[in-house]
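Given the structure is predicted, the values throughout are model-derived calculations rather than measurements. The chain is numbered in sequence order, starting from 1.
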Amino acid sequence: MPMIEFNGETRTAADWARLNGMSKETLGKRLSLGWSVEEALTTPVGKQGRKPKPMPASALVQALPALRDWQRDMHAAHRQMTRSVRAFVRQMEEQMAELRHGLDQHLAAQRDEAHGNILASHTRGVGENISKTTNDRCSRITQESV
């Protein structure tokens, strides 16, 4: 890529073309045709036959009120849609919070039930043995004292 100096800066042709809004091919063609660097970089790029047909002024003036009305209607519809979406999101968040709360309560009840079952299974045998032992001792003591 050839380096080009312009206004005290040195850059590649591709960089200068990009900075000046033109293709590197356009810049290269201008330079190969003998244009000075200043002319090649500062002359605006033409549209060469691709100019749009101008809209008659009267048609543009007639279209403006309709465009303003359309913009106003679209803006109002957008605001309403935004409100609806926000309300829907709030409702979903509330339902999710209720579901989480219900699930937490259910899990706590299951945990308490499981904890109670574990305690009951461990203490069931212990309680029976203690009462048997106590009954055995009491009966022995009564038998000996009699």
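The CD atom of Q110 sits 11.5 Å away from atom CG of N117, with the distance rounded to the nearest 0.5 Å. Atom-to-atom distance recorded for H115:NE2 and E113:CD is 13.0 Å, nearest 0.5 angstrom. With rounding to the nearest 0.5 angstrom, the OG1 atom of T26 is 11.5 Å from the CG atom of N20. Here the CZ-CE distance, from R72 to M74, works out to 10.5 Å after rounding to the nearest 0.5 Å. Atom CG of D104 and atom NE2 of H101 lie 8.0 Å apart (nearest 0.5 Å). Atom-to-atom distance recorded for Q105:CD and L103:CG is 10.0 Å, nearest 0.5 angstrom.
Side-chain contact check for M22 versus T43: every heavy-atom pair is 4.5 Å or farther apart. A 4.5 Å side-chain heavy-atom check between R18 and D15 finds at least one atom pair inside the cut-off.
In this structure, W16 contributes its side chain and I4 its backbone to a donor-acceptor pair below 3.5 Å.
At a threshold of 4.5 Å between side-chain heavy atoms, the hydrophobic network of Ile, Leu, Val, Met, Phe, Trp and Tyr places V45 and F6 in one connected group. Under the 4.5 Å side-chain contact rule for hydrophobic residues, V89 and M81 share a cluster.
For Q95, the CD atom is densely surrounded, since the number of other residues' heavy atoms within 6.0 Å is greater than 12.
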Run the numbers on R68 and L64 for side chain to side chain contact (heavy atoms under 4.5 Å, CB included), then give the verdict. CA-CA 6 Å; R68 278 188 294 233; L64 284 177; 4.3 Å; yes

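Defined by atom type and a distance below 3.5 Å, a donor-acceptor pair is present between the side-chain atoms of R79 and H75.
Closest heavy-atom contact between R30 and P44: NH2-O, 3.3 Å. When all heavy atoms are compared, the tightest approach of A40 to L31 is CB-CD2, 3.9 Å.
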